[in-house]
Amino acid sequence: MRRAPTLIGTALLAAAAALSACSSSSSDSSNGNVTLRYALWVDTQAPAYQDCANAFHADHPNIKIKIEQTAWAEYWTNLTTEVTAGTAPDVFTDSVAYYPDFQTNNQIVDLEPYVKRDHVDLSHFRPGLADLWVRDGKRYGLPKDWDAVALVYNAKLVQAAGVDPASLQNLTWNPTDGGDFEKLIAKLSVDDHGRRGDQPGFDKNHVKTYGIVLDLDAGAGGQTSWGNLAVANGFQFLDKNPFGTHYEYDDPKLAETIAWIKGLQDKGYLGRYSQHSSLGSDAVLASGRAALGMAGSWMASTYLSNKKVDFAFAPLPAGPAGRHTASNTLSDAIYAGGKHKDQAWEWVKFLASPKCQHLVAKRAVVFPAIKSASDEALSAFRSQHMDMQAFVTETSQPGASFLLPLTDHAADVAETVQNGLDGVWLGQDSPADALKKVNDHVNGLFK
Amino acid sequence: MPHLTTGQRVGRTVAQLVVGVTVVLTVFPVLWMVRTALTPAGDLFGDSYGLWPHHPTLINFKRVLGMTSSAAARAAGGSGAQLDFLLYLRNSLIYTIVIVVGQTLSCAMAGYALARLRFRGRTAVFGTFVGSLMIPPIFTLLPNFALVKQLGWLDTFPGLVAPTLLMSPFSVFFLRQFFLSIPREVEEAALLDGASRARIFWSVVLPMSRAPLFTISLTLAVWSWKDFLWPLLVGRAENTRVLTAALGVFLQQSPNAEPDWTGLMAASTLTVVPPLLLLIFFGRRLVDAVGFTGVK
Amino acid sequence: MTVVQTAPASVPALDPPDRAPRTRRKGDGLTAWAFLLPSIVGFAVFFVYPAVRGVYYSTTDWNLLSPPKSVGLANYRAAIHDPEFWKSLRVTTYFVVLSLVAQLAIGLVLAGIMHRLLRSVMVRAVLLLPWLVPNVTIGLLWMWMLDTNLGFANHLLHSLGHGTEGFLTDPNLALPSIAGITTWAGIGYIALLFYAGMLQIPQDVYQSAQLDGAGEIRMFFGITLPLLRPIIALVLVVSVIGSFQIFDVVAVTTAGGPVGLTKVIYYYIYEEAFHHFRMGYASAMALCLALVLGVLTWVQMRLLRASTSDLG
C-alpha cells in the first residue's frame with residue numbers, strides 16, 4: 001500500500017538508530033566503569049604508556065585507559081578537529097608550543113585546584129619544567145618528559161670517509177664557511193662515481209649518499225634542524241620566552257643560517273626538498289642514503305636498536321654563540337569537554353607520578369620529567385648498549401638548552417614559518433625576503 | 001567483410017594497441033597495490049620490483065583486520081594501533097545500503113508525484129528542486145555539520161546518513177523524467193478500476209521501472225561508497241567510521257618515520273574488493289547504467 | 001567527481017501537456033503531498049535550512065567553539081583581499097583545465113575506438129574500475145606509486161636512465177601529477193559516457209561515408225564529433241562542476257602542498273573551517289564558490305539549449 005514505502009523508510013531509520021546505540025560515546029559509564037581516551041603521537045612510547053595504563057587499571061579497576069596514537073604530522077590538526085567536533089580525547093599529550101591556544105579557548109582544564117587538593121609533589125621534576133605550564137596562576141599540565149637534539153651518524157660511513165669519530169665530539173660551525181661541520185658533511189657526501197664532496201669533480205646532480213639529511217619540516221622553532229644552528233649563531237626567537245608577543249624572525253642571524261642550509265642543498269650535500277619523499281630522516285639514514293642527521297632523543301631507541309646499521313650520537317656543533325640544543329617538554333592535559341574529568345585527573349596524576357615515570361624509564365624510549373626517572377632512563381639506555389652521552393653533555397652545560405617559542409597563536413605561527421621556509425627550500429624566495437614576510441605576518445597576529 | 005588496405009590494417013592495430021595500453025595502465029596500479037599489500041614491510045627497501053613479492057605474506061591483511069596483537073603489528077611495520085577494517089567495512093556497507101534504499105524509495109515517490117499527480121504547487125516544487133541542482137555540496141556541508149552537531153548526532157549513523165537519506169535533486173529529477181516517459185495507458189486503466197494512486201505506484205509503476213531504479217541505486221551506491229569528507233567529519237568514532245575515513249585516519253596513524261605503506265595498501269585493497277565484486281557480477285548492467293545516466 | 005549533483009542534458013519540461021482524458025478532475029493534492037513528504041522534509045531540513053544558515057554564518061566570525069557574532073560583509077571583503085583565496089582559485093582553474101583537456105581528448109579517442117572497433121563489454125567494465133574505487137584509495141595508491149624513494153614510477157625512470165622526480169613534492173610537478181591521477185581515475189567513466197552517446201548514431205551514416213571512401217579518422221572528425229556535440233557539452237558541464245570540487249585526492253596526497261601549489265579551493269575552505277576554526281570565513285568562501293559554480297552551470301545550460309542535436 002501507500003504505507004509500505006514509508007514503513008520501510010521508518011524501519012530503516014529505526015535500524016540506523018538501533019545501530020547507533022552501539023556507537024556510544026567515548027566513555028561508557030553504564031555500570032560505574034569508565035573508559036578514558038588518551039592521545040599521544042610517538043609510536044615507540046605507546047608500549048611504555050600501555051605499561052602505565054595496565055598498572056593504573058590495577059589500582060583503579062573501574063577506569064580503563066584506551067591509548068590512541070596519531071603520527072606527529074597530523075596530531076595537532078586531528079586534535080583541533082576533534083576539539084571542534086566536541087569529541088576530543090579525555091586526556092591528551094600536550095606540547096609547550098601548543099598549549100596556549102587550547103588555554104585561550106578554554107579547552108583544557110586548570111589542574112591547580114586538583115594539585116593543591118591532592119598535594120602533588122612538584123619538586124621532583126627537573127628544574128623549570130613544571131612552571132612552563134603555569135599561566136596567570138593556573139596550571140594546565142603536569143610535566144611528562146623532556147628531550148634534546150643531537151647529531152646522529154652512520155659509524156661505518158664515517159669510518160669509510162677516514163674521519164676519526166672522536167673529532168665529531170667538538171665540531172665547530174659558522175654560517176659563513178660552515179666550519180668543521182660543513183667540511184665533514186662535504187667529506188661524507190659521495191656521488192655516483194665515488195667522488196666525495198670535498199674532491200674536485202663532485203657531481204652534485206648525481207649523488208649516491210648525501211652528507212646530511214635534515215628535517216626541514218620542523219615547525220616554528222626548527223627543533224630538529226635549523227633552530228639549533230640559528231640559536232648557536234646568536235639568534236633569539238622572541239622578545240621574551242615564554243609568552244612573548246614580538247617575534248624576531250627577520251633577524252639576519254637566522255637568515256644567514258637558513259641560507260647556509262640552502263647552500264648545502266645547492267652544493268649537493270643535502271637532498272633537494274622538491275624531492276623529499278615519504279620517508280622520514282631515520283629511514284633515509286637507515287637506507288644509507290645519507291650519513292649524518294639531527295635527531296631528537298625520543299628517536300634514540302629507533303636508531304640505536306637498528307641491527308643493520310651502526311648509529312651513534314654526537315653533540316651538535318658549536319656555533320659563534322656556543323653550542324645550543326632545543327629542549328622541549330611535554331605534559332598531559334585534561335580536555336575541558338570531557339565527561340569524566342575527575343577520573344581523567346586520576347590518570348594525569350598517575351602519569352606524573354614516580355611509579356608511572358619509572359615504568360616508562362625502564363623501556364628506554366624517552367627521558368621522563370622526574371629527576372630520578374630521568375636518571376633511571378639513562379641507565380636503561382646504557383644497559384641496552386645505547387650511548388646517550390651526547391644528550392647529557394649538551395644539556396648539562398648551563399644555558400646550553402633553549403626553549404622553543406611558547407606564545408599564543410602557535411598553530412598559525414608554525415604554519416606561517418613552515419610555508420615561508422618551504423618557499424626558501426624550493427628556491428622560490430630568498431631567506432631574507434621570506435623571513436621578513438613571515439615575521440610581519442606572525443607579529444600581525446598579536447595586534 | 002571488405003578488403004582492408006595496409007593503412008587500415010595498421011590503423012586497426014594501432015587502435016587495438018591504444019585500448020590495450022589503456023587497459024594495462026588501468027589495471028596495473030591496482031595489481032601493484034595488491035602486490036605491495038602482500039609484501040612484508042621490511043622488504044620494501046629491497047630492489048625487487050617484480051610483479052610478485054619475494055616473500056609474500058598475509059601479515060599486512062591480518063594487521064588491518066585486527067587479527068594480530070599490538071606487538072606483532074609493530075614488528076611487522078605498523079604503528080601498533082588497533083585497527084579493525086572489518087568493522088569499518090561493515091560501517092561502509094551500512095552507510096551505502098541505508099542511503100541507497102532510503103533515497104531511491106523517497107525519490108521514486110517524489111518523482112512519481114511530480115510526473116503523474118496533479119496538484120497546486122507542482123511547478124514550484126519541481127522548479128525548486130531543479131534550481132538546487134546548481135548549488136554545489138560544499139555550500140551545505142559546513143552548516144549541515146553544525147546542524148548535525150547541534151542535534152547531538154555526531155558519531156552516530158543517523159547523523160551520517162541524514163543529509164542524503166531522503167533526497168537528492170538529481171535522483172528526483174532523473175526518476176521524474178523516467179516516469180514521464182512511461183505510457184499512461186496502464187495507469188489509466190487501473191485508475192478506472194478504482195485503484196488508488198498509491199496502489200498503482202507500488203504494484204504497477206515500480207515493477208515497470210526496474211531499469212532506472214537500478215541505475216539510480218547503482219549510482220548512489222558508488223557515490224556513497226566513495227564519500228569521504230562528510231563521513232570523516234561526522235563519523236569519527238570507531239563504530240561509525242567508514243572505510244574511506246578509516247584510510248585517512250590510518251594514514252595519520254603511521255609510525256613517525258614514514259607511512260605504513262604495506263598496511264595502507266592492504267587496507268586499500270579492502271576498499272576495492274566490493275566494487276570489484278560488483279563489476280564481476282553486474283558488469284554489463286553497470287556499464288549500461290553509466291550510459292543511461294549520462295545520455296538521458 | 002559526482003554525477004549525482006549535476007544538471008542533466010535534456011531540457012526539463014516543467015509541465016507536460018495532457019495526452020489522455022483526465023478521469024479525476026479534483027486533483028491528487030493529498031496523495032501528492034504524501035508522496036512528496038519524505039523528499040520535502042529531507043530537502044527542507046538538510047538543504048534549504050543549511051543553505052540559509054550558511055549565508056548567515058558567512059556574515060559572522062563563528063569558530064564553532066563560541067557563539068557567532070555578526071561581522072557584516074567583513075568576510076567577503078577579507079576574501080577579496082586574500083591572496084590565498086585567489087591563488088586557490090587559480091590553482092583550481094589550472095587543475096580543471098588540465099584534467100578536462102586530458103579526459104575529454106583521451107575519452108573521445110577511447111570511445112571512438114570502442115565504438116567502431118571493439119565492442120567488448122569486458123573492456124568497458126575493466127575501464128570502469130577506477131571510477132568505482134574511492135578517491136581516497138586512488139590517492140593513496142598513486143602516492144605510493146609516485147613516491148620519490150620507493151615508488152614504482154621512479155624505479156621505472158631510473159631503469160630508463162632518468163633521474164628521480166618528486167612527482168608530488170616538486171613545485172612544477174605537483175599539480176600536473178594530481179591532474180594525472182584524477183584523469184586516470186575518470187577516463188573509463190568519461191569514455192563510457194561518450195560511447196553511450198556514440199551508440200545513438202545510426203550505423204548507416206558511417207556506411208554511406210565509407211562507400212564514399214572516407215577513412216576512420218575522417219569519419220571520426222566529420223561525423224562522430226559533430227553528432228556528439230550535445231553529449232560532449234553535457235560531459236563538459238558535469239566534469240567542470242565535478243573537477244572544481246576536487247578534494248579527496250588532494251587531502252590524502254599533498255594536503256595542498258608544496259607551498260600551496262595544490263591547494264584547491266575546496267581544500268582551502270576545509271582548512272579554514274576545520275584547522276583554523278574560521279567557520280564564518282569558510283562559509284563566505286563556500287558561498288563565493290557556489291555562486292561561481294552556479295553561474296558556470298547556468299551558462300553551460302544555456303549553451304546546451306542553444307546547441308540542438310544534429311540527429312534531429
Side-chain angles (χ1 to χ4, degrees), chain B residues 11 15 18-19 22-23 26 29 32-33 44 49 106 109-110 112-113 117-119 123 130 132-140 142-144 147 162-163 166-168 170 172 180 184 188 191 197 222-223 226 228-229 244 247-248 261 264 268 271-272 275 279 283-284 287 290-291 293-295, chain C residues 2-5 7 12 14-16 20 23 27-29 31-32 35-36 38-39 41-43 46-47 50-51 53-54 110 113 117-118 121 124-127 129 132-137 140-141 144-145 150 152 155 192-193 196-197 216 245 247-248 266 273 282-283 286 289-290 293-294 297:
Chain B
V18 168
V19 175
T22 312
V23 169
T26 303
W32 190 252
M33 172 185 76
L44 278 187
Y49 281 89
S106 166
M109 283 161 55
Y112 183 70
L117 304 183
R118 301 197 56 70
F119 58 99
T123 321
V130 169
S132 68
L133 276 169
M134 296 205 292
I135 303 181
I138 179 65
F139 187 56
T140 47
L142 300 175
N144 264 328
L147 176 62
L166 292 176
M167 83 92 75
S168 94
F170 177 78
V172 173
L180 273 180
R184 286 173 176 260
E188 297 294 331
L191 277 173
R197 279 292 185 182
V222 172
W223 177 86
K226 293 162 72 167
F228 177 57
L229 184 53
T244 47
L247 272 180
W261 287 119
L264 280 169
S268 301
T271 66
V272 174
L279 209 53
R284 162 147 250 141
V287 166
V290 170
T293 343
V295 173
Chain C
T2 56
V3 180
V4 185
Q5 299 283 349
L14 286 181
D15 229 326
T23 46
D28 310 300
T31 322
F35 268 65
L36 279 169
S39 308
V41 165
F43 187 65
F46 294 105
F47 203 98
R53 292 232 90 196
L110 262 183
I113 298 177
L117 192 60
L118 207 64
V121 175
R124 279 181 282 144
V126 166
L127 288 179
L129 183 61
L132 300 172
V133 171
N135 286 320
V136 179
T137 308
L140 277 176
L141 168 55
W144 167 236
M145 300 259 305
L150 300 172
F152 185 80
H155 168 74
L192 245 67
L193 286 179
E216 285 295 339
Q245 299 178 70
F247 177 78
D248 301 0
Y266 211 112
S283 301
L289 178 62
L293 286 179
T297 318

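Numbers restart at 1 for each chain; the letters A, B, ... are given by sequence-line order, proteins then strands.
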*Heavy-atom pair with the smallest gap, counting every atom of B/R197 and C/F35*: O-CZ, 4.3 Å
*Name the region of C/A282, side chain, backbone, both or neither, that has any atom closer than 4.5 Å to a heavy atom of chain B.*
both
*Tell me, side chain or backbone of C/L141 under 4.5 Å from chain B's heavy atoms, or both, or neither?*
both
*Please confirm whether the backbone N or O of B/L229 pairs with a side-chain atom of C/D248, one donor and one acceptor, at under 3.5 Å?*
no
_Minimum-distance pair of heavy atoms, taken over all atoms of B/A15 and C/L117_ = CB-CD2, 3.7 Å
*Which bit of C/L110 comes within less than 4.5 Å of chain B, counting heavy atoms only: side chain, backbone, both or neither?*
side chain
_Quick check on C/F43 against chain B: is it the side chain, the backbone, both or neither that has a heavy atom closer than 4.5 Å?_
both
*Heavy-atom side-chain proximity of C/L36 to B/M109 below 4.5 angstrom*: no
_Minimum heavy-atom separation for C/P134 and B/T244, please, with both atom names._
CB-CG2, 3.5 Å
*Taking every heavy-atom pair that is under 4.5 Å apart, which of B/T26, B/L147, B/V19 has the most such pairs with chain C?*
B/T26
_Under 4.5 Å from any heavy atom of chain B - which part of C/L150_ = both
*How long is the gap from OG1 on C/T137 to CZ on B/F228, to the nearest 0.5 Å?*
10.0 Å
*Taking every heavy-atom pair that is under 4.5 Å apart, which of C/L127, C/V126, C/L289 has the most such pairs with chain B?*
C/L127
*Under a 4.5 Å heavy-atom cut-off, does chain C meet the side chain of B/L142, its backbone, both or neither?*
both
*In terms of heavy-atom proximity below 4.5 Å to chain B, should C/L140 be classed as side chain, backbone, both, or neither?*
both
*Do we see a donor-acceptor contact under 3.5 Å between the side chains of C/S39 and B/S106?*
yes
